Every structure is written in structure tokens, then in C-alpha cells.
Student: 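Please see the structure below; I have some questions.
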Amino acid sequence: MGDQPQLNNNNKFIPDHVAVIMDGNGRWAEKMGEERKAGHQEGMEAIKRVSIRASERGVKVLTLYAFSTENWKRPPQEVKFLMQLPVNFFDRFVPELQENNIKVNMIGFKDKVPGPTKRSIEKAIDQTKNNTGMILNFAFNYGGRAEIVEATKSIVEKVISGELNKKAISEEVLQSELLTRSIQPYDEVDLLIRSSGEQRLSNFLLWQNAYSEFYFSKLFWPDFTGDVLDEALDDYQNRSRRYGAI
Ligand code: IPE
Ligand code: IPE
Ligand code: MG
């Protein structure tokens, strides 16, 4: 958590880290009588709307779940389509990110991501690296369990090499080995939003959601708007976060 949480116009707190499970693209397309692809395409427009609004509202990190480690189970044509989306997206959206001082980041396992996709993401990260506003963090080929396994391996290696004492292993140490170390100190999620009416985590930020507030919207992701984000932020204002205390 950050030092100075942002206050909104009503003097209430804006969550530092908002994470979104952008779900329902396929069902949106089905509703429109179109192929699933059309839903993913339209979902990119929602990403733009929500990113700009989140940045305007003073969110520090917006993490968007774009592709999970389980999404490889989908038909090859759909996986291929999803893999090339970042290329088109960043080509068109980077100027607007620049205007809004938004910095791009990525969490996920890059090794399995095709070269052109990886390069387009890396290019967007590089182009926006000097921006000092909101971090737009894409979870791409991300999986919470794999993330914890990789962190564990890294800790074991450090213990074996003598860099780390076994007794010094703590929650902080494990947390600092997660992929979200790149968005510290805002790596813990404050507000988790899922669209499309499903109410599950689907392997998203398992550790980081330990004490987050959940907001579920019945809207399919391509129908999501800045105003719906505002509703979620308003709802968050009325939550009482106790972290186990009273
Ligand atoms: C979310 O929409 C996008 C990704 C998971 C990549 P879906 O593609 O899961 O859409 P539904 O859930 O089938 O409607
Ligand atoms: C979660 O949605 C993954 C992303 C939004 C990228 P899914 O549609 O893959 O999740 P399940 O299969 O409904 O749990
Ligand atoms: Mg889905």
C-alpha cells in the first residue's frame, strides 16, 4: 500500500491498485451474432475507456487480466487472435497513453509469448517508460499459481547459494519475488473488478488479492464503460477494510 492514498472530490479514498478480470468478450459477440473475435476486438475499446478514466480518477496501478496461463486451452485460432491483439492495440493507443502520462507494464510469463507480440509489448513499455502517472499493467500469460511456484524456486536458489538465510524467509520476502514486484509498493490489490457476472478469481493475483475488495458487474467486458468504473469506485468508498482487526 502507498503512503498517500488519493482523495476524490468527496474527500474519499481512491484505491491505489485496481485489478480487472475482463470477462465476457465471447458472450458479448454471441449476443451480437458475431464471432468471438469481434468480442475481443470490441473489448480493446473498453480497455481504452477504462484506462483513461482510471488515470483521471487517480488510480495508481490498473492491472488488466488479458490472457491467463489457462487460456492456452482455447482453440488455436482464438489463441492466435488473442496473441496478436497487443500489436494492434499498442500501435493505435500509445499516443493517447503518452497524452495521459500513463506508463505501461506487464506481468506474465514472457517465454511462451510469440516474438512479435512480446516486441510490441516491450516497445510500448519502452515508449512510456518516462511517464510518471498511472501504471497500466497487463497480466498477459499470467497465472497466480505458477507465479508462486516461480517465486518459491527463486527463494530456494537464494538459500542454496547462501544469499538468503532460511530463517529470513517471510511474507515480505515471498511477496518481493512475485511478478508484481515490478509494481511495488502497490502490488497488493485494493479493488478487484470482474465483468460478465462470473464470481471467481480464475487464478488471478492469488496472493495479492488476499485482502482486496471485490466488485462484480453483470456487464460483458465490451459493454464496460468509464461510468461503470466510477460506480465500482463509489461502491469501494463504502467498504470497511478491517484486515482482521476490529
Ligand atoms: C475474456 O472474455 C477475454 C479472455 C479471457 C481472453 P472471454 O473470451 O472469456 O469471454 P466469455 O467468458 O467466453 O464470454
Ligand atoms: C479469466 O477469464 C481470464 C481472463 C480474463 C484473461 P476466463 O474466461 O478465462 O475464466 P474462466 O475460464 O471463466 O474461469
Ligand atoms: Mg470468460
Side-chain angles (χ1 to χ4, degrees), residues 1-5 14-23 47 51 54 59-73 82 86 102-113 117-118 121-122 124-126 128-129 131-194 200-215 236 241 243-244:
M1 250 151 293
D3 38 352
Q4 283 293 328
I14 291 291
D16 286 330
H17 184 183
V18 177
V20 186
I21 303 175
M22 309 184 287
D23 199 14
I47 293 180
S51 303
V59 169
K60 299 224 169 63
V61 180
L62 177 69
T63 300
L64 301 176
Y65 204 8
F67 192 90
S68 77
T69 47
E70 286 68 43
N71 287 145
W72 296 103
K73 293 176 192 165
L82 289 168
I102 296 172
K103 184 175 176 165
V104 175
N105 191 57
M106 177 198 164
I107 53 167
F109 299 99
K110 287 195 189 125
D111 46 323
K112 272 185 86 182
V113 174
T117 310
K118 207 178 347 188
I121 298 170
E122 277 163 3
I125 291 172
D126 189 60
T128 61
K129 67 171 187 268
N131 292 346
T132 53
M134 188 184 81
I135 296 174
L136 178 57
N137 184 37
F138 284 93
F140 198 77
N141 194 24
Y142 172 87
R145 286 182 173 180
E147 176 186 42
I148 293 169
V149 169
E150 290 309 311
T152 306
K153 283 188 204 163
S154 168
I155 288 173
V156 169
E157 275 161 20
K158 285 181 180 171
V159 170
I160 290 171
S161 74
E163 191 185 323
L164 180 70
N165 190 308
K166 182 183 138 194
K167 290 201 182 78
I169 299 173
S170 62
E171 292 187 7
E172 287 72 26
V173 166
L174 201 143
Q175 193 163 329
S176 72
E177 293 288 342
L178 298 173
L179 293 166
T180 47
R181 62 186 175 273
S182 60
I183 52 166
Q184 275 181 343
Y186 305 118
D187 47 332
E188 289 187 51
V189 179
D190 296 301
L191 175 63
L192 174 84
I193 298 172
R194 183 166 188 151
R200 54 176 171 267
L201 277 178
S202 302
N203 202 16
F204 187 44
L205 299 171
L206 297 180
W207 177 287
Q208 300 86 340
N209 273 306
Y211 270 104
S212 60
E213 298 294 327
F214 289 7
Y215 184 87
Y236 178 86
R241 302 184 75 186
Y243 300 97

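Owing to the predicted nature of the structure, the values given are computational and were not obtained by experimental measurement.
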Student: Quick one: does Leu174's side chain get under 4.5 Å of Glu177's, heavy atoms only?
Tutor: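 Not touching, per the 4.5 Å side-chain cut-off.
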
Student: Does Glu122 reach the side chain of Lys110, with side-chain heavy atoms less than 4.5 Å apart?
Tutor: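 Counting from C-beta outward, Glu122 and Lys110 do come under 4.5 Å.
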
Student: Is the closest side-chain heavy-atom distance between Glu171 and Trp207 below 4.5 Å?
Tutor: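 Of all side-chain heavy-atom pairs linking Trp207 with Glu171, at least one is under 4.5 Å.
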
Student: Let me confirm one number: the NE2-CE distance from His17 to Met134, rounded to the nearest 0.5 Å.
Tutor: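 Those atoms lie 10.0 Å apart.
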
Student: Where is the tightest heavy-atom contact between Arg194 and Asp23, given as atom of each residue plus distance?
Tutor: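 Scanning both residues, the minimum pair turns out to be NH2-OD2, 2.8 Å.
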
Student: Are a donor atom and an acceptor atom from the side chains of Asn105 and Ser182 found within less than 3.5 Å of each other?
Tutor: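 Short answer, yes.
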
Student: Could you give the distance from CD1 (Ile155) to CG (Leu164), rounded to the nearest 0.5 Å?
Tutor: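 If we round to the nearest 0.5 Å, Ile155:CD1 and Leu164:CG are 7.0 Å apart.
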
Student: How far apart are the closest heavy atoms of Val189 and Ala19, and which atoms are they?
Tutor: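 Minimum heavy-atom contact is CG1-CB, 3.8 Å.
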
Student: Asn137 and side-chain contact (heavy atoms from CB on, under 4.5 Å): which single residue from Leu64, Leu179, Thr63 fits?
Tutor: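 The passing option is Thr63.
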
Student: A side-chain contact here means heavy atoms from C-beta on lying under 4.5 Å apart; do Leu178 and Ile107 qualify?
Tutor: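 In short, these two side chains do not touch, never coming nearer than 4.5 Å.
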
Student: To check you understand the geometry: which heavy-atom pair defines the closest contact between Ile121 and Pro86, and what is its length?
Tutor: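 Taking Ile121 first and Pro86 second, the nearest heavy atoms are CG1-CB, 4.1 Å.
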
Student: May I ask you to check whether Glu188 and Gln175 show a side-chain donor-acceptor distance below 3.5 Å?
Tutor: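 There is such a pair between these side chains.
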
Student: Could you tell me if the side chain of Glu213 sits less than 4.5 Å from the side chain of Pro15, heavy atoms only?
Tutor: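 SC-SC contact between Pro15 and Glu213 ruled out.
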
Student: Is it true that a side-chain atom of Asp16 and a backbone atom of Tyr186 form a donor plus acceptor pair closer than 3.5 Å?
Tutor: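 Answer holds: no.
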
Student: Taking the side chain as every heavy atom from C-beta outward, state whether Val18 and Asp190 have any atom pair closer than 4.5 Å.
Tutor: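 Not touching, per the 4.5 Å side-chain cut-off.
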
Student: Between Phe214 and Leu201, which heavy-atom pair has the shortest distance, and what is it?
Tutor: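 Shortest heavy-atom separation between Phe214 and Leu201 comes out as CZ-CD2, 4.2 Å.
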
Student: Do Phe140 and Thr117 have side chains that get closer than 4.5 Å, going by heavy atoms?
Tutor: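 Answer yes - side chains close enough.
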
Student: Any donor-acceptor pair under 3.5 Å linking the side chain of Asn141 with the backbone of Phe109?
Tutor: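 It does hold such a pair.
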
Student: Looking at Met22 and Ile47, what are the two nearest heavy atoms and their distance?
Tutor: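 In terms of heavy atoms, the two residues are closest at SD-CG1, 3.6 Å.
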
Student: Any side-chain heavy-atom pair from Arg145 and Asn203 closer than 4.5 angstrom?
Tutor: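 Yes - at least one pair of side-chain heavy atoms lies under 4.5 Å apart.
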
Student: Do we see a donor-acceptor contact under 3.5 Å between the side chains of Thr128 and Asn131?
Tutor: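 Result is no, nothing qualifies.
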
Student: Can you tell me how far the CG atom of Asn165 sits from the NZ atom of Lys158, to the nearest 0.5 Å?
Tutor: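 That separation rounds to 14.0 Å.
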
Student: Please say which of Phe138, Tyr142, Trp72, Phe204 ends up in a ring-ring contact (aromatic ring centres under 6.0 Å, His included) with Phe67.
Tutor: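 Testing Phe67 for a ring-ring contact (aromatic ring centres under 6.0 Å, His included) against Phe138, Tyr142, Trp72, Phe204 leaves exactly one candidate, Trp72.
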
Student: Starting from the C-alpha separation in whole Å, work towards a yes-or-no answer on side chain to side chain contact (heavy atoms under 4.5 Å, CB included) for Ser176 and Gln184.
Tutor: CA-CA 8 Å; Ser176 72; Gln184 275 181 343; 4.1 Å; yes

Student: Looking only at heavy atoms, which two atoms of Ala54 and Leu62 are closest? And how far apart?
Tutor: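 That closest heavy-atom pairing would be CB-CD2, 4.1 Å.
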
Student: Mark yes or no for whether Ser154, through its side chain, and Glu150, through its backbone, hold a donor-acceptor pair below 3.5 Å.
Tutor: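 The answer is no, because no donor-acceptor pair under 3.5 Å joins these two groups.
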
Student: Could you check whether any side-chain N or O of Arg241 sits under 3.5 Å from a backbone N or O of Tyr211, counting only pairs where one atom can act as donor and the other as acceptor?
Tutor: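 Here the side-chain-to-backbone pair exists.
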
